[in-house]
Asker: 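Let me give you the structure first, and then I'll get to my questions.
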Amino acid sequence: MTDTAYNHAKIEKKWQKKWEADGLYRSVIDENRPKHYALTMLPYPSGDLHIGHWYAMTPSDAHARFMRMNGYNVLFPMGFDAFGLPAENAAVKHGIHPKEWTYANIERMRGQLKSMGAMFDWKREAVSADPEYYRWSQWFFIQLYKHGMAYRKMSPVDWCPNCNTTLAREQVWGDDRHCERCGTPVIKKDLDQWFFTTTQYADELLDFSSIDWPERVRTLQTNWIGRSEGASVIFKTEVGNHDIEIFTTRPDTLWGATFMVFSPEHPLVDLVTAPAKKAEVEAYKEQAARQTDIEREATDKEKTGVFTGGYAINPVNGAKIPIWIADYVLMSYGTGAIMAVPAHDERDYAFARKFEMPIVPVIRPTGQDDAEKAVAEAAYIGPGVMVNSGPLNGTSVNDEKGRKNPSIAAAIDWIESRGVGKEAVNYRLRDWLISRQRYWGAPIPMIYCEQHGWNPAPEDQLPVLLPDDVEWKPTGESPLKLHPTWKNTACPVCGEPATRETDTVDTFMCSSWYHLRYLSPDYHDGPFDEAEYNYWMPVDTYTGGIEHATMHLIYTRFFHKALRDMGVTEGHEPMLQLRNQGMVLGEDHEKMSKSRGNVIAPDELVERYGADTVRAYLMFFARWDMGGPWNSQGIEGSVRWVRRVWTLFTTDSVTDSRIKTDIALDEVKRTLRRKVHQTLKKVTRDFEAFEFNTIVSALMELLNEMYKAREAGAAGSDEWAEALGIYLRMMAPVCPHITEELWVKHLGKPYSIHQQPWPKVDEEAAREDEITIPVQVNGKLRDRVVVPADTREEDVKSAALATEGAQKYMEGKPPKKVIVVRGKLVNIVV
RNA sequence: GCCGAAGUGGCGGAACAGGCAGACGCGCACGACUCAAAAUCGUGUUCCGUAAGGAGUGUGGGUUCGAUUCCCACCUUCGGCACCA
């Protein structure tokens, strides 16, 4: 029967073509139906779609299809995050223009994406490198600037020497502080750069109450933002009475401050340094500056520092305390200066011991009467009661942070009443460094004039186009800076000659709003069409990798909130539900990489097995949120499943002649129907929970049952027809092509299966009428008893007691206790 | 050091609210079909034991009639943060 052999290539191409021709996946506003905006993270056009893209996108597609079958008007768009450094590297290496390289890759990847058979609405495609796209990226920059949320500042920033550009704090990873893209350790440079005020939203970004995001991501973001509650306190220099502001989480230990430490870069260092100490201080500053961040921030390093010869006055008790400089105090956190309380801080303790400074305990530990003794060996961090602290002596100290700790609350109140400090919150989060010294990105639309400083390019002149005629220097410098004429322009204020900013924006800015451009990629009067926005936003389901937790997923939330405050968007969050996929590892259980040679190419798999099978295996082989190792033998299971589905629908039944009576056949049909509806219930639940692996296994199980039922003579019955119809619809989101073919060609049902409603569970049919109850004696399984599902507890109990296994292991003793769990189990305790 | 996730057969994994551990699949073994092989179909497959039986979800304890599931301590792996004041 060659004409009924499963030819995946033919079937998949045929339906993809028809779906596209019919616009089956066009999503248009329909006020009569509830909307569902399903979004999966857009790819960077690196050249080839890899298995990780398939792993992220096909289950997302299946879920979107499931929602569509459940009556939602689903938008599932796709596009390309098309600016970025690899395009420039290709230009330097192979002499191809980044634009050409990028757009050729997009062309190729678009084709690969289409081979998935996903329900992407290609009419919504957006490409961030298109001038009509980056025009609006630039427009957003200008709006942020106008609202005070974009500013330029000279500061020490992270520089990747390989990528030849600055990076945002979020893009520097790991212990060795390497570049997120290329892995090169970054260095510090003092540069004038553009920033967005992400810190302004720190508190709001900590609030996840209105979104359904994985705990993991929420924790990562919370830690990243790093909120600490405490107080800011003003100390005074002994000479000159200058303010020294410090931040502390432990204002209750102020009375124990026996010295102060400045970061070597602190602006007051020169002022407080005594002439006699000048040389020593300068030498230390230089030595600190030479160190890399990694050396400097190594926690196990012996403490170093020098005395400045200057003193400060502790505002709570007037004590005169020495000021030191040490590299363990970082200029980039807090104010760059600390009060040192060696008795109750490990670092200060180590420093005080080394340089022989006094250690004054101000907390007596609970249950001890000697506070001095408690700090003889190490700093004391736990609860207790305040001592040596003047007006606050006797206040109890617990383990809570901030005002929840009575001692901290008392200290804050006290310093505020004396006007020497106030309650304060500090964050680890920094403002988003947005400047990139690269060519292939959206030019920052700012113009510098000698007379009028920085001003935005006039909005009616957007986009500020990237010039095509650029030259590549092997040094890796941005060609934009070296372009002879591009930067020359007129000042928007006075019209005199002025220069453009030659830096481009971080590509993460372009991807912070792509979900908005998808709404109306061809819209010219604004970044998006408001009618589309009002209907589709916010994104209902967002899927993608966890690696973006503290980059894109923070940036896009910030962006949405900033736009909201400028009146551009509404609502507080852009994406309501987030789900992360895990990673597909190589067959050697290692991360896939070209150098390891363990990369799996989806194109080859599709050619060999077909997209439906690849999709099925990707959904089946591991928990989606966990990922796991690829197994090229394992995919055979999915190959067989898909083929067995095909065979079941395209061949006639071979009836087992042993089944003769109507009664027996009725039982077969009833059992089949039960299994069908039980499976439907499970599959529905699992789709809602993003548990794709058990969807496929449930469908496999049902298929096995259907083969048995067919052999037992169920074919031709109403129950059989129902089973076939429900089976295909349940399978359709997983394997869109084969199900369409079987639905239309073999069941003769109306095109398209993807427009059919999701089947309804018949609870009555799904109910078991007989159940097997395990019988335990003292917790060990000894027998089983089959009873009607509605049997009363007492009857289950007596049936269990009567079983052979129960009798044997009770050894004639009377049961002490019999536990009957309804519908589950009986445990006899003797 | 701190925070988080995970440890289940030869392998990937399942167990939805504390109730039959190992669903589903890979692999393997045996059988059917075949001259033969592949494909396909069927049966079996946690370990020890011939068996009766016993053990078993990283380790050790605990709660419970009953624990992969809850609690405590620890070990290992992975991810994040880290002199953050």
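By convention in this document, chain letters (A, B, ...) are assigned in the order of the sequence lines, proteins followed by strands, and residues within each chain are numbered from 1.
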Asker: Give one of base, sugar-phosphate or nothing for A/R822, where a contact means two heavy atoms less than 4.0 Å apart.
Answerer: nothing

Asker: Is it the case that B/C83 (base atoms only) and A/K303 (side chain only) share a donor and an acceptor within less than 3.5 Å, ignoring hydrogens and angles?
Answerer: yes

Asker: What nucleic acid atoms does A/R644 come within less than 4.0 Å of, heavy atoms only: base, sugar-phosphate, or nothing?
Answerer: sugar-phosphate

Asker: Looking only at side-chain atoms of A/Q633, point me to the closest of B/A85, B/C26, B/C65.
Answerer: B/C26

Asker: Measure the distance from CH2 on A/W641 to C1' on B/C41 and round it to the nearest whole Å.
Answerer: 20 Å

Asker: Give a yes or no on whether the ring-centroid distance for A/W432 and A/F508 is below 6.0 angstrom.
Answerer: no

Asker: Could you check whether any side-chain heavy atom of A/M730 comes within less than 4.5 Å of a side-chain heavy atom of A/F687, counting everything from C-beta outward?
Answerer: no

Asker: In whole Å, what separates the C1' atom of B/U64 from that of B/G19?
Answerer: 12 Å

Asker: Taking the six-membered ring for Trp, are A/F649 and A/Y6 ring centroids under 6.0 Å apart?
Answerer: no

Asker: What about A/R428, does its side chain sit under 3.5 Å from the base of B/C81 through a donor-acceptor pair?
Answerer: no

Asker: Work out how far the P atom of B/G44 is from that of B/G58, and round it to whole angstrom.
Answerer: 28 Å

Asker: Looking only at side-chain atoms of A/L220, point me to the closest of B/U40, B/G80, B/G13.
Answerer: B/G80

Asker: B/G79 pairs with which nucleotide, Watson-Crick or G-U wobble, both distances below 3.5 Å?
Answerer: B/C3

Asker: Under 4.0 Å, counting only non-hydrogen atoms across every strand here, what does A/Y809 touch: a base, just sugar-phosphate, or nothing?
Answerer: sugar-phosphate

Asker: What's the closest nucleotide to the side chain of A/R347 if the choices are B/C83, B/A82, B/G12?
Answerer: B/C83

Asker: Base, sugar-phosphate, or nothing for A/R623, non-hydrogen atoms under 4.0 angstrom?
Answerer: sugar-phosphate

Asker: Under 3.5 Å, is there a donor on one side chain and an acceptor on the other for A/N631 and A/Y617?
Answerer: no

Asker: Using a 4.0 Å heavy-atom cut-off, does A/R782 contact any base of the nucleic acid, only the sugar-phosphate backbone, or nothing at all?
Answerer: sugar-phosphate

Asker: Phosphate oxygens OP1/OP2 of B/U40: is one of them under 4.0 Å from a side-chain N or O of A/R640?
Answerer: yes

Asker: Out of B/C84, B/C65, B/A39, which has the shortest distance to the side chain of A/R643?
Answerer: B/A39

Asker: Please confirm whether the ring centroid of A/F259 lies under 6.0 Å from the ring centroid of A/F351.
Answerer: yes

Asker: Describe the nucleic acid contact of A/G823 in one word from base, sugar-phosphate, nothing, applying a heavy-atom distance below 4.0 Å.
Answerer: nothing

Asker: I want to check something: taking the side chain as every heavy atom from C-beta on, are A/I408 and A/D252 in contact at a cut-off of under 4.5 Å?
Answerer: yes

Asker: Students often get this wrong, so: under 4.0 angstrom with heavy atoms, is A/G634 touching a base, only sugar-phosphate, or nothing?
Answerer: sugar-phosphate

Asker: Nearest whole Å is fine: how far is B/C26 C1' from A/H589 NE2?
Answerer: 12 Å

Asker: CG of A/N426 versus P of B/C84: gap in Å, rounded?
Answerer: 13 Å

Asker: Sticking with atom C1', work out how far B/A82 lies from B/C74, rounded to a whole angstrom.
Answerer: 24 Å

Asker: Base, sugar-phosphate or nothing for A/N704? Non-hydrogen atoms, less than 4.0 Å.
Answerer: sugar-phosphate

Asker: What residues in residues 251-265 of chain A put a non-hydrogen atom under 4.0 Å from any atom of RNA chain B?
Answerer: none

Asker: Charged N to carboxylate O under 4.0 angstrom, A/R579 versus A/D212?
Answerer: yes

Asker: For A/N693, answer base if it contacts any base atom (sugar-phosphate contacts may also be present), sugar-phosphate if it contacts only those atoms, and nothing otherwise; contact means non-hydrogen atoms under 4.0 Å.
Answerer: sugar-phosphate

Asker: Starting at CE of A/M731 and ending at P of B/C24, how long is that distance when rounded to a whole Å?
Answerer: 18 Å

Asker: In a check of salt bridge (charged side-chain N to carboxylate O under 4.0 Å, His left out) between A/E701 and each of A/K675, A/K708, A/K682, which one passes?
Answerer: A/K675

Asker: How is A/K808 classified with respect to the nucleic acid when contacts are heavy atoms under 4.0 Å: base, sugar-phosphate, or nothing?
Answerer: sugar-phosphate

Asker: For B/G9 and B/U69, measure between their P atoms and round to the nearest Å.
Answerer: 15 Å

Asker: Which of these nucleotides, B/C20, B/A14, B/G4, is closest to any side-chain atom of A/T219?
Answerer: B/G4

Asker: Toward the 5' end of RNA chain B, which comes first, A/P629 or A/M626, by nearest nucleotide?
Answerer: A/M626

Asker: Between B/C83, B/C3, B/C24, which nucleotide gets closest to the side-chain atoms of A/N223?
Answerer: B/C3

Asker: When you compare B/A38 with B/C28, how far apart are their P atoms, in angstrom units rounded to a whole number?
Answerer: 11 Å

Asker: If you measure from the C1' atom in B/A23 to the same atom in B/U68, how many Å do you get, rounded?
Answerer: 15 Å

Asker: Taking the P atom of each, how far is B/C70 from B/U57, in whole Å?
Answerer: 15 Å

Asker: Please classify the nucleic acid contact of A/V329 as base, sugar-phosphate, or nothing, using heavy-atom distances under 4.0 Å.
Answerer: base

Asker: My understanding is that a pair needs two contacts under 3.5 Å, Watson-Crick or G-U wobble. By that rule, which nucleotide pairs with B/A67?
Answerer: none

Asker: Base, sugar-phosphate or nothing for A/V821? Non-hydrogen atoms, less than 4.0 Å.
Answerer: base

Asker: Partner lookup for B/A39, please. Criteria are Watson-Crick or G-U wobble with both distances under 3.5 angstrom; report none if nothing qualifies.
Answerer: none

Asker: Would you indicate what A/K780 reaches in the nucleic acid, counting non-hydrogen atoms under 4.0 angstrom: base, sugar-phosphate, or nothing?
Answerer: sugar-phosphate

Asker: Tell me: CH2 of A/W224 to P of B/G79, nearest whole Å?
Answerer: 16 Å

Asker: Hydrogens and angles aside, do A/N223 and A/R428 bring a side-chain donor and acceptor to less than 3.5 Å of each other?
Answerer: no

Asker: Taking the cut-offs as 6.0 angstrom to the six-membered ring centre and 45 degrees off its axis, would you call A/R347 and A/Y328 a cation-pi pair?
Answerer: no

Asker: Is there a Watson-Crick or G-U wobble partner for B/A14 with both distances under 3.5 Å, and if so, which one is it?
Answerer: none

Asker: To the nearest angstrom, how far is A/L585 atom CG from B/G79 atom P?
Answerer: 11 Å

Asker: Take A/T258 and A/I359 through the test side-chain contact (heavy atoms from CB on, under 4.5 Å) and record every step on the way to the result.
Answerer: CA-CA 7 Å; A/T258 53; A/I359 295 169; 6.0 Å; no

Asker: If we call it a pair only when both distances are under 3.5 Å in a Watson-Crick or G-U wobble match, what pairs with B/U59?
Answerer: B/A73

Asker: Can you tell me the distance, in whole Å, between the CG atom of A/D327 and the C1' atom of B/C84?
Answerer: 15 Å

Asker: Between A/E215 and A/S228, just flag the one whose closest nucleotide in RNA chain B comes earlier from the 5' side.
Answerer: A/E215

Asker: Could you tell me whether the side chains of A/Y333 and A/S263 share a donor-acceptor contact shorter than 3.5 Å?
Answerer: no

Asker: Using a 4.0 Å heavy-atom cut-off across all strands, classify A/Y427 as base, sugar-phosphate, or nothing.
Answerer: nothing

Asker: Given that both distances must come in under 3.5 Å, which nucleotide forms a Watson-Crick or G-U wobble pair with B/A52?
Answerer: none

Asker: Please report, rounded to the nearest Å, how far the P atom of B/G79 is from the CZ atom of A/R218.
Answerer: 23 Å

Asker: Determine which nucleotide pairs with B/G27, using a 3.5 Å limit on both distances of a Watson-Crick or G-U wobble pair.
Answerer: B/U45

Asker: Could you tell me how far B/G80 sits from B/A29 if I compare only their P atoms? Round to whole Å.
Answerer: 42 Å

